[in-house]
Amino acid sequence: MYGESMLRKLAQRTVPQAAILLYHRVADTARDPQLLCVSPENFAGHMEVLRSRYLPSPLSARESWQPGSVVVTFDDGYADNLINAVPLLRRYLIPATIFVTTGFVGDAKRPYWDELADLFLWSAVLPKRLQLPLNGQTKAWEFGLEGPVDPSWNLLDGTSCARQDAYLVLCDHLRLSATAERVETMALLREWAGRGCANSGERRFLTEQELRRLAEEEDIEIGAHTQNHANLALLSAAEQRSEIVEGRQRLQDICGQPVRCFAYPYGTRLSYARLTQRILQKEGFDCACSNFGGVVFPVVSRYQLPRFLVRDWSADEFASRLAEYLQ
Ligand SMILES: [Zn+2]
């Protein structure tokens, strides 16, 4: 019924082409409430698995991907990408793409998830009561004499105190807020706490100088990730374009090289729109990565490349998950 070439084409469509991995941080830390860190030891194990069993490939070499190709990417632009990850990438000769949110460069702005963690989870004292308007309703928390939460607590542990509850509710709320509303809510919280939230330095971002050094690495490609880690689906076309294009321009100014790839902040199907993809295409981006799992089949749109989020797994767990993805 089918000719041989048609059967070959159908087979090609169903053979997993490649897997793109999504990391955020490579660091040893007890405090990782969003589960964004992979320890350097585990990361080295992951890279060893990639080097020995797969075909590590750059994101930009999409045309030459084949079954078994694996691409390493990082989101946001934490300094530990350069300090901890690059030496291990070099050791195993693994290329990688690092998507940088320009507003975070040099810690000019901090992401709300880090600021909220410093404030609600780990600050020594909090004012007794917080009352905030959220989505047209008033939300209130009583903190009483609660001290900082256990450093090992993370979002999968559930909540057992007002600090954890406020942290998770506000993270959810701000993820779904347009940039202006997010800025306003954070300003209200800083005023309520009576201070700015000092960065402990444990979770700092790349400086301009470090970003330049990163871009000079032979196998590292820098990608765009907006100016303000914006939830693009909530913005007008003009605002989306500005977040995308100005973020890229600043990266190009700092790194002195063209930036051709993009990763959607948050990256779920609800955090960007068709319009966002059209803007990226029109502005000459080569591809865009999402944050939902899946292998890259030849028919996948290059503006919705799926990625597998990698957690702090041992090398064995990483190997078995990757084998499952690419079976
Ligand atoms: Zn991000």
Side-chain angles (χ1 to χ4, degrees), residues 20-27 29 32-38 59 71-82 84-85 96-117 154-155 168 170-179 182-183 186 199 203-206 210-211 214 220-235 239-240 242-248 250-251 259 261-273 276-277 279-280 285 287-293 303-312:
I20 310 178
L21 306 179
L22 166 56
Y23 292 90
H24 289 87
R25 302 190 52 202
V26 173
T29 175
D32 185 21
Q34 296 283 334
L35 298 172
L36 297 180
C37 288
V38 173
L59 185 62
V71 176
V72 172
T73 70
F74 291 82
D75 276 10
D76 300 339
Y78 282 95
D80 56 59
N81 294 183
L82 174 70
N84 297 333
T97 297
I98 299 184
F99 293 102
V100 177
T101 294
T102 50
F104 301 156
V105 171
D107 285 319
K109 291 175 192 163
R110 297 183 62 206
Y112 64 82
W113 58 87
D114 282 347
E115 211 174 335
L116 290 177
N154 67 62
L155 78 177
L168 287 183
L170 288 167
C171 278
D172 274 354
H173 177 74
L174 294 179
R175 190 179 66 246
L176 299 172
S177 298
T179 312
R182 187 196 299 169
V183 167
M186 287 310 299
N199 187 352
R203 296 181 306 287
R204 75 174 182 84
F205 281 81
L206 294 158
E210 286 171 330
L211 183 50
L214 199 52
I220 301 286
E221 184 180 16
I222 303 298
H225 199 45
T226 74
Q227 286 180 296
N228 296 297
H229 210 272
N231 190 330
L232 293 165
L234 304 176
L235 303 184
E239 288 168 329
Q240 289 189 49
S242 156
E243 281 283 352
I244 291 167
V245 172
E246 288 176 29
R248 173 176 66 179
R250 171 122 193 264
L251 289 177
V259 168
C261 47
F262 183 83
Y264 302 103
Y266 311 107
T268 67
R269 287 185 176 85
L270 296 176
S271 45
Y272 58 94
T276 321
Q277 297 178 57
I279 293 171
L280 290 166
F285 280 90
C287 64
C289 292
S290 66
N291 180 10
F292 46 80
Y303 295 105
Q304 291 202 84
L305 296 173
R307 289 188 291 177
F308 291 108
L309 183 63
V310 182
R311 298 295 194 195
D312 190 21

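In what follows, residues are counted from 1 in the order of the sequence shown. When a ligand or atom number is given, it counts from 1 through the structure's own listing order.
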*N, O or S from H24 under 2.8 Å to the Zn ion (ligand 1)*: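 So H24 does not bind the Zn ion (ligand 1) by this criterion.
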_Nearest N/O/S atom of D76 with respect to the Zn ion (ligand 1), by atom name, please._
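The closest N, O or S atom of D76 to the Zn ion (ligand 1) is OD1.
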*For the atom pair NE2 (H225) and CG (D75), what is the distance rounded to the nearest 0.5 Å?*
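The NE2 atom of H225 sits 4.0 Å away from the CG atom of D75.
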*Given the rule in the side chain to side chain contact (heavy atoms under 4.5 Å, CB included) test, do L211 and L251 qualify, once you have shown the distances and angles that lead to the verdict?*
CA-CA 9 Å; L211 183 50; L251 289 177; 3.8 Å; yes
*asked:* Could you check whether Q304 and Y272, counting side-chain N and O atoms only, form a donor-acceptor pair closer than 3.5 Å?
replied: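 Result is yes, a qualifying pair exists.
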*Could you tell me whether D107 and R204 have a side-chain N and a carboxylate O separated by less than 4.0 Å?*
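Answer for the salt bridge query: no.
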*Can you give me the NE2-the Zn ion (ligand 1)-NE2 angle for H229 and H225, to 10°?*
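Here the angle at the metal atom is close to 100°, to 10°.
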